[in-house]
Amino acid sequence: MTAPVLSLTDITKVYGRGDAQVRALRGVSLTVERGDYVAVMGASGSGKSTLMNILGCLDIPSSGRYLIDGVDVGTLDERRLAILRNRKIGFVFQSFNLIPRMSALANVELPMAYGGVSATERRTRALAALEQVGLSDRVRHEPNELSGGQQQRVAVARALVTSPALLLADEPTGNLDTKATGDVLEILDGLSEAGRTIVLITHEDDVAAHAKRVIRLVDGLVVDDHRQAPVDGPPPRSATRTQPVPGGAS
């Protein structure tokens, strides 16, 4: 049986000590199967950014167990953690995070350069990824020559080019206008239909509506986890899980 792409068991994250202690996550357990498309939602302070950092192996939990594609993250040192991030996770950030003085093609090639892929293969795969997001005519353009929506599509191509187990998108439409938002969501929808595993961090209901599953966090706990119909399909099913929320924000 194929292992889930993500498996979290009783994950906690605590910052600070004593009276200054903040419990950002209070025991999050969830599983994301291969090919799922999950939106994680929550207000400011809910813990969704902390969860994103842990899912992306940019931070480590205070306690609990996290496996990505069957690999126990807690057993890895910094070097092996960096290798896992490069091979298993494709990141799409709200601020694009493109290198300013590099072309779209060079930006997309970058994670493969870190991964030791040959120059010829890097070029072939990067061109294919840019074509997939509709930018085959912009490969030589630098970020300042591209619109915000085009920059984010370059970022999606960069995230895809290593064929990662997980595409992790943190507020990917937060800096985009309505048209560019629609373009990026259409690409993510297509990737989901093609079997990509996507976790999308968002606070926008209309963005989360594109996902197959919605998880809501409040005060570091999962309080709702339900599957829903596609955007243009029948009404979504009711929530499958609800947890009480302890008093007090953190």
Side-chain angles (χ1 to χ4, degrees), residues 2 4-6 32-40 52 55-58 68-69 71 82-99 102-143 146-176 180-202 207 210-213:
T2 304
V5 172
L6 301 179
V32 176
E33 301 291 347
R34 201 166 306 276
D36 211 351
Y37 185 3
V38 181
V40 178
M52 191 280 296
L55 293 179
C57 300
L58 302 171
I68 176 167
D69 210 22
V71 178
I83 293 171
L84 180 140
R85 279 195 300 267
N86 180 266
R87 295 179 178 174
K88 298 288 187 182
I89 306 170
F91 293 94
V92 181
F93 296 101
Q94 178 176 347
S95 56
F96 318 140
N97 286 11
L98 302 178
I99 306 300
M102 295 174 65
S103 68
L105 182 62
N107 268 283
V108 175
E109 286 183 313
L110 199 56
M112 293 183 290
Y114 293 144
V117 178
S118 71
T120 300
E121 186 176 353
R122 289 201 306 264
R123 182 63 49 92
T124 299
R125 288 166 60 178
L127 287 170
L130 285 164
E131 183 176 5
Q132 188 174 3
V133 300
L135 289 177
S136 56
D137 60 341
R138 295 287 189 272
V139 298
R140 302 296 176 189
H141 289 61
E142 294 181 0
L146 300 171
S147 69
Q150 289 170 337
Q151 289 185 60
Q152 192 61 295
R153 282 190 276 160
V154 172
V156 172
R158 181 185 57 192
L160 292 173
V161 78
T162 58
S163 298
L166 171 67
L167 183 64
L168 184 58
D170 182 21
E171 300 279 5
T173 63
N175 287 338
L176 304 181
T181 291
D183 290 342
V184 169
L185 290 175
E186 184 178 355
I187 290 170
L188 294 179
D189 291 348
L191 293 171
S192 175
E193 290 171 9
R196 292 281 183 180
T197 306
I198 303 171
V199 173
L200 172 73
I201 311 296
T202 184
V207 172
H210 286 255
K212 299 174 182 175
R213 176 182 172 195

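Since the structure is predicted, the reported quantities are computational estimates derived from the model, not experimental observations. Keep in mind that the numbers below use all heavy atoms, side chains included, and drop hydrogens, waters and symmetry copies.
Between the CD1 atom of Ile89 and the CG atom of Leu84 there is a distance of 5.5 Å, given to the nearest 0.5 Å. Distance NZ/Lys212 to CD1/Ile198: 8.0 Å, rounded to 0.5 Å. If you take CE on Met102 and CG on Leu110, they are separated by 5.0 Å, rounding to the nearest 0.5 Å. Note that CG of Leu200 and CD of Glu171 are 8.0 Å apart. Values are rounded to the nearest 0.5 Å. Between the CG atom of Leu135 and the CG atom of Leu146 there is a distance of 7.0 Å, given to the nearest 0.5 Å. For the atom pair Arg153 CZ and Leu176 CG, the distance stands at 10.0 Å (nearest 0.5 Å).
Using a 4.5 Å cut-off on side-chain heavy atoms (C-beta onward), Pro4 and Glu33 make contact. No side-chain heavy atom of Val154 sits under 4.5 Å from any side-chain heavy atom of Val133. Proximity of Thr162 to Arg87: side-chain heavy atoms (C-beta onward) are nowhere separated by under 4.5 Å. Contact check for Pro111 versus Asn86: side-chain heavy atoms found under the 4.5 Å cut-off. Residues Leu168 and Met52 meet the side-chain proximity criterion, which asks for heavy atoms closer than 4.5 Å. Using a 4.5 Å heavy-atom cutoff, the side chains of Leu105 and Arg140 are in contact. In this structure the side chain of Phe91 never reaches within 4.5 angstrom of the side chain of Asp170, judged on heavy atoms. Under the 4.5 Å side-chain criterion, counting only non-hydrogen atoms from C-beta, Leu58 is in contact with Arg85.
Residue pairs that meet the side-chain hydrogen bond (donor to acceptor under 3.5 Å, both in side chains) test with at least one member in residues 182-202, sequence neighbours left out, are Lys179-Asp183, Asp189-His210. Sorted by first and then second residue, the salt bridge (Lys or Arg N to Asp or Glu O under 4.0 Å) pairs with a member in residues 111-130 read Glu109-Arg123, Glu121-Arg125; sequence neighbours excluded.
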Exercise. For Val38 and Leu6, what are the C-alpha separation, side-chain angles and deciding distance, and is it a side-chain contact (heavy atoms from CB on, under 4.5 Å)?
Worked result: CA-CA 11 Å; Val38 181; Leu6 301 179; over 6 Å; no
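None of Asp36, Val199, Val40 except one satisfies the side chain to side chain contact (heavy atoms under 4.5 Å, CB included) rule with Arg213; the exception is Asp36.
Closest heavy-atom contact between Ala180 and Gly149: CB-CA, 3.6 Å. For the residue pair Val108 and Ala129, the shortest heavy atom distance occurs at CG1-CB, 4.3 Å. Asn175 and Ser95 make their closest contact through ND2-CA, 3.8 Å (heavy atoms, listed as atom of the first residue, atom of the second, distance). Considering all non-hydrogen atoms of both residues, Ala165 and Val5 come closest at O-CG1, 3.7 Å.
Checking side-chain atoms of Ser103 against main-chain N and O of Ala106 turns up a donor-acceptor pair under 3.5 Å. Judged by distance alone, the side chain of Gln152 and the main-chain N or O of Phe93 form a donor-acceptor pair under 3.5 Å. Not a single donor-acceptor pair under 3.5 Å links the side chain of Arg158 to the backbone N or O of Asn107.
Counting non-hydrogen atoms of neighbouring residues, nucleotides and ligands closer than 6.0 angstrom, the CZ atom of Arg34 exceeds 12 such neighbours.
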